[in-house]
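Note that these values count all heavy atoms, side chains included, but never hydrogens, waters or copies made by symmetry. Chain identifiers are assigned alphabetically (A, B, ...) following the order of the sequence lines, protein sequences preceding nucleic acid strands; residue numbering begins at 1 within each chain. What you see is a predicted model; the values in this text were computed from it and never measured.
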Amino acid sequence: MSNSKITLPDGSVKEFPAGVTGMGIAKSISEGLMRNALSIEVNGEIWDLNRSITADAAIKIFTWNDKGGKYAFWHSSAHLFAEALEALYPGVKFGIGPPIENGFYYDVDLGDTPFGDEELLAVEKRMIELAKVNNAFVRTDVSKKEALEYFTKKGDPYKLELIDGLQDGSITFYQQGNFVDLCRGPHIPTTGPIKAIKLLSVAGAYWRGDEKNKMLKRIYGITFPKQKELEEYLFMLEEAKKRDHRKLGKELELFAFSEKVGMGLPLWLPKGTVLRERLEQFMRRAQVKAGYDPVVTPHIGSKQLYVTSGHYEKYGKDSFQPIHTPDESEEFLLKPMNCPHHCEIYKTKPRSYKDLPIRYAEFGTVYRYEQSGELHGLTRVRGFTQDDAHIFCRPDQVKQEFVKVIDLVLFVFKSLGFENYTAQVSLRDPENKAKYIGDDELWDKAEREIQEAADERGLKTVAVKGEAAFYGPKLDFMVKDALGRSWQLGTIQVDYQLPQRFELEYVGADNQKHRPVMIHRAPFGSLERFVAVLIEHCAGNFPLWLAPEQFSVLPISEKFNDYAQKVVDTLKESDIRGFLDDRDEKVGRKIRDSEVKKVPFMLIVGEKEAMEGKISVRRHGGEDKGSMFLTDFVSAFSKEFGLPSL
RNA sequence: GCUGUUGUAGCUCAGGGGUAGAGCACUUCCUUGGUAAGGAAGAGGUCGAGGGUUCAAUUCCCUUCAACAGCUCCA
């Protein structure tokens with residue numbers, strides 16, 4: 001038997017006897033790697049560690065630190081769950097059970113059997129017992145006929161439906177213990193490494209995501225190789241609950257919802273408004289520096305405007321319905337997008353190639369009829385404000401403009417403490433071109449330009465098909481917050497379609513009419529969503545320049561209220577925001593209340609301070625900065641009080 | 001939009017066929033207190049909305065609205 005040339009991730013090539021397994025390779029590298037190995041990537045495909053490699057291959061061994069390793073681990077955990085469930089509920093029918101971002105789920109049909117927290121615990125217990133048995137996951141190739149026979153006999157209609165859609169010859173079963181499942185794999189070698197198990201929740205989910213189908217029970221769970229990691233994860237979940245922007249938004253009096261106003265329509269309270277307006281000021285200033293011109297457009301527009309833009313055709317049916325005027329049969333739509341309005345601004349006069357690029361920026365509030373079940377705090381609402389702008393430029397300027405926008409977006413992220421971000425190039429779905437408008441050539445060009453611009457700035461990008469807007473491809477920015485959760489924020493889009501639909505033109509150096517290109521962009525995305533993410537990122541402890549209340553002045557007793565008031569007045573003159581807590585309470589109480597409200601600075605004044613004309617500065621969290629003159633306080637933190645700048 | 005759960009004071013929640021309770025917040029009084037809750041008294045609710053069953057409904061039933069979780073969707 002000949003040898004296989006195995007290329008390792010570092011580029012080195014090792015020879016192994018043909019038929020070597022991933023485990024064998026891992027062992028040859030190190031004992032430690034063998035212990036931690038979970039799956040292996042073979043020529044770009046993820047395999048089981050004990051599957052034989054018969055040809056030359058480039059491989060990478062995955063451990064818990066790799067997505068490929070985690071997915072195999074959780075996928076195997078889903079099978080372990082199924083095995084435990086079947087042991088306790090014979091006859092249960094299984095849907096699908098994939099690994100997900102955090103753990104796994106399995107869709108099951110338990111008939112009318114009630115299934116709640118107690119049942120989850122029971123299954124969890126059985127899973128732990130079964131994991132200890134350390135059964136191997138055994139892969140077998142089966143023919144379609146065999147597969148159908150097996151599940152017909154077992155009586156599992158969902159699996160039969162799945163097999164029906166599969167190609168004969170590419171069907172595999174996996175078995176561990178007494179449990180056999182239709183599965184493509186890959187799996188970890190044995191159940192043993194699954195040491196820490198938590199079944200998290202039960203929810204309804206339609207078979208194959210179609211509401212016409214039967215609703216199955218979807219059981220979510222997560223597993224880890226170590227108990228400690230599970231505990232950390234559960235702690236993180238608790239922490240996420242504490243940081244939930246809906247909870248903090250209420251506690252910190254930032255925003256509210258009212259049934260009377262209508263669902264998904266946020267009311268910004270005074271403190272939330274300060275926060276929001278600070279963000280706006282920050283962005284306005286950055287945009288002026290970047291050459292944008294602010295514009296303002298109305299909240300409604302003639303239906304015809306959106307027919308022209310294509311939005312009506314695409315989203316009209318599912319939107320807020322047109323507003324009809326009493327007299328004439330005019331129809332208006334609540335503005336769902338700012339771009340058509342900006343196109344009309346562009347058209348107010350003839351444009352020369354020398355005028356371009358023109359950049360119109362607007363904090364434009366738009367209204368979209370989101371499905372009721374989709375509404376979620378500030379992250380998904382029906383009326384929201386985009387930090388929108390449209391750049392009209394010549395085709396030869398697209399890339400350079402795109403790069404400038406990337407710089408702006410990254411500046412925003414940096415200023416707000418989002419250090420971890422990735423960018424997604426959202427492309428069109430090549431299988432379903434009818435979803436999009438415009439011809440292939442322009443799409444290809446736009447997709448290329450986005451990728452080039454991203455590369456130029458050294459952005460780490462992932463391309464995802466089918467995520468484009470209907471008029472053009474996008475570069476979407478995802479940030480990771482302090483708890484490691486990913487959020488989609490800013491977006492930049494190249495658009496060749498709207499200029500065509502609105503017949504936008506400019507006169508070129510050749511004295512001929514040309515069509516400009518539009519770039520849509522919103523670094524925050526929407527202020528609502530951005531504020532939500534920011535709240536959860538910093539747990540309500542906003543950077544000083546954003547804090548709705550930057551200080552509180554806490555007199556030790558009412559004897560010092562006058563002095564305290566002077567302190568407040570002086571700071572307000574320096575545009576520093578804060579309030580006087582002159583309640584008839586002890587200072588300990590006032591400190592506690594300011595701490596709970598997450599006020600960054602507590603300025604304590606008593607006899608000593610009043611005498612010396614000083615303040616005692618306590619930072620949120622308890623740090624004592626000692627006593628100082630007011631002017632020293634202001635100059636010490638003046639940088640933090642003001643807007644970050646480019 | 002679909003399925004499930006929930007809806008009681010400003011907030012967090014208890015209760016239950018005979019029209020309601022706690023803690024915090026609020027108001028007043030006492031207290032003038034030096035770095036995370038000083039004390040006392042008081043006020044506050046069509047028990048989400050509409051309908052039904054009943055002598056009697058906040059409680060049981062139906063409808064509806066909203067929130068929450070999940071599914072589908074997202075210019």
Side-chain angles (χ1 to χ4, degrees), chain A residues 105 107 114-116 200-220 244 246-247 250-251 253 256-264 306 309-316 318-319 335-340 366-377 379-382 386 388 435-437 467-472 474 488 491 493 495 497-498 520 522 525-526 529 554-561 583-597 602-609 616-627:
Chain A
Y105 68 77
D107 284 348
F115 201 82
L200 296 162
S201 61
V202 187
Y206 298 101
W207 170 236
R208 305 202 131 177
D210 187 337
E211 68 187 54
K212 287 184 212 75
N213 287 339
K214 179 162 184 184
M215 178 166 282
L216 307 179
K217 287 192 173 70
R218 173 166 298 181
I219 293 147
Y220 287 87
D244 189 318
R246 292 165 300 181
K247 181 175 139 75
K250 194 184 275 183
E251 285 171 7
E253 299 178 11
F257 290 91
S258 150
E259 285 191 25
K260 265 201 181 121
V261 172
M263 59 163 133
Y306 306 105
S309 72
H311 290 105
Y312 187 78
E313 189 198 353
K314 201 80 190 165
Y315 297 101
D318 306 317
S319 294
K335 177 165 73 174
M337 285 295 284
N338 301 301
C339 26
V366 296
Y367 300 89
R368 297 178 185 177
Y369 186 82
E370 303 291 352
Q371 292 186 34
S372 61
E374 277 319 310
L375 302 174
H376 181 93
T379 59
R380 199 73 187 275
V381 287
R382 285 178 169 173
Q386 297 176 312
D388 210 358
K435 269 170 70 180
Y436 311 95
I437 57 175
E467 289 292 307
F470 73 92
Y471 51 73
K474 307 188 284 180
Q488 193 198 310
T491 176
Q493 312 171 2
D495 180 3
Q497 316 305 332
L498 278 191
H520 308 237
S526 89
R529 187 178 166 78
L554 314 179
I556 298 283
S557 89
E558 69 186 16
K559 282 185 265 179
F560 313 108
N561 280 356
R583 290 175 306 165
D584 182 9
E585 293 289 351
K586 291 192 184 177
V587 73
R589 174 52 176 272
K590 295 182 186 182
I591 286 169
R592 186 193 135 80
D593 288 345
S594 276
E595 285 285 348
V596 169
K597 282 155 98 177
M602 281 148 268
L603 311 178
I604 294 144
V605 295
E607 189 169 12
K608 217 165 52 182
E609 289 79 6
S616 281
V617 180
R618 175 192 162 111
R619 192 114 205 203
H620 178 262
E623 191 192 349
D624 188 356
K625 295 271 182 192
S627 74

When all nucleic acid strands are considered with a 4.0 Å heavy-atom cut-off, which category describes [X]: base, sugar-phosphate, or nothing?
{"X": "A:S201", "value": "nothing"}
{"X": "A:Y220", "value": "sugar-phosphate"}
{"X": "A:R619", "value": "nothing"}
{"X": "A:R618", "value": "base"}
{"X": "A:G373", "value": "base"}
{"X": "A:H376", "value": "sugar-phosphate"}
{"X": "A:E467", "value": "nothing"}

Partner nucleotide of [N] by Watson-Crick or wobble geometry (both distances under 3.5 Å):
{"N": "B:A41", "result": "B:U27"}
{"N": "B:U54", "result": "none"}
{"N": "B:A22", "result": "B:U12"}
{"N": "B:A49", "result": "B:U63"}
{"N": "B:A36", "result": "none"}
{"N": "B:C68", "result": "B:G4"}

Between A:Y367 and A:R382, is there a cation-pi geometry (under 6.0 Å to ring centre, at most 45° from the normal)?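 Here A:R382 fails the 6.0 Å and 45° test against A:Y367.
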Under the 3.5 Å rule, do the base of B:G1 and the side chain of A:E370 count as making a donor-acceptor pair? no
Any donor-acceptor N/O pair under 3.5 Å between B:C73 base and A:R380 side chain: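 Looking at the base of B:C73, it does pair with a donor or acceptor on the side chain of A:R380 (distance under 3.5 Å).
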For [X] and [N], give me the distance from atom [atom1] to atom [atom2], rounded to whole Å.
{"X": "A:E259", "N": "B:G50", "atom1": "CD", "atom2": "P", "result": "13 Å"}
{"X": "A:E251", "N": "B:C24", "atom1": "CD", "atom2": "P", "result": "17 Å"}
{"X": "A:E253", "N": "B:A25", "atom1": "CD", "atom2": "P", "result": "14 Å"}
{"X": "A:Q371", "N": "B:C73", "atom1": "CD", "atom2": "P", "result": "9 Å"}
{"X": "A:R208", "N": "B:U3", "atom1": "CZ", "atom2": "C1'", "result": "20 Å"}
{"X": "A:R382", "N": "B:C74", "atom1": "CZ", "atom2": "C1'", "result": "13 Å"}
{"X": "A:M263", "N": "B:A66", "atom1": "CE", "atom2": "P", "result": "3 Å"}
{"X": "A:K590", "N": "B:U35", "atom1": "NZ", "atom2": "C1'", "result": "12 Å"}

Consider the side chain of [X], meaning its heavy atoms from C-beta on, and name the nucleotide among [options] that approaches it most closely.
{"X": "A:M337", "options": "B:A75, B:A36, B:U35", "answer": "B:A75"}
{"X": "A:R592", "options": "B:A37, B:G34, B:A75", "answer": "B:A37"}
{"X": "A:A205", "options": "B:A75, B:G70, B:A37", "answer": "B:G70"}
{"X": "A:Y315", "options": "B:C74, B:G38, B:U35", "answer": "B:C74"}
{"X": "A:E558", "options": "B:C11, B:G33, B:U32", "answer": "B:U32"}

Kindly indicate whether the side chain of A:V617, heavy atoms from C-beta on, has any atom under 4.5 Å from the side chain of A:L603.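 Yes. Closest side-chain heavy atoms under 4.5 Å.
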Do A:M602 and A:E595 come close enough that some side-chain heavy atom pair is under 4.5 Å?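 Counting from C-beta outward, A:M602 and A:E595 do come under 4.5 Å.
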Both A:Y471 and A:R218 contact RNA chain B. Taking the nearest nucleotide for each, which residue is further toward the 5' end?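 It is A:R218 whose nearest nucleotide is closer to the 5' end.
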Which residue lies toward the 5' end of RNA chain B, A:I604 or A:M215, if each is placed at its nearest nucleotide? A:M215
Would you call the rings of A:Y306 and A:H311 parallel, tilted or perpendicular, where under 30° means parallel and over 60° means perpendicular? perpendicular
Does a side-chain N-to-carboxylate-O contact under 4.0 Å join A:D593 and A:R589? yes
Using a distance-only test with no angle check, is there a side-chain donor-acceptor pair under 3.5 angstrom linking A:Q493 and A:Y471? yes
For [N], does OP1 or OP2 lie under 4.0 Å from any side-chain N or O of [X]?
{"X": "A:K217", "N": "B:G4", "answer": "no"}
{"X": "A:R589", "N": "B:G38", "answer": "yes"}
{"X": "A:S557", "N": "B:G33", "answer": "no"}

If I compare all heavy atoms of A:N561 with all of A:P555, which pair ends up nearest, and what's the gap?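 Distance-wise, the nearest heavy atoms are OD1-CG, 3.1 Å.
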Inter-nucleotide C1' distance (B:A9, B:A20), Å rounded: 11 Å
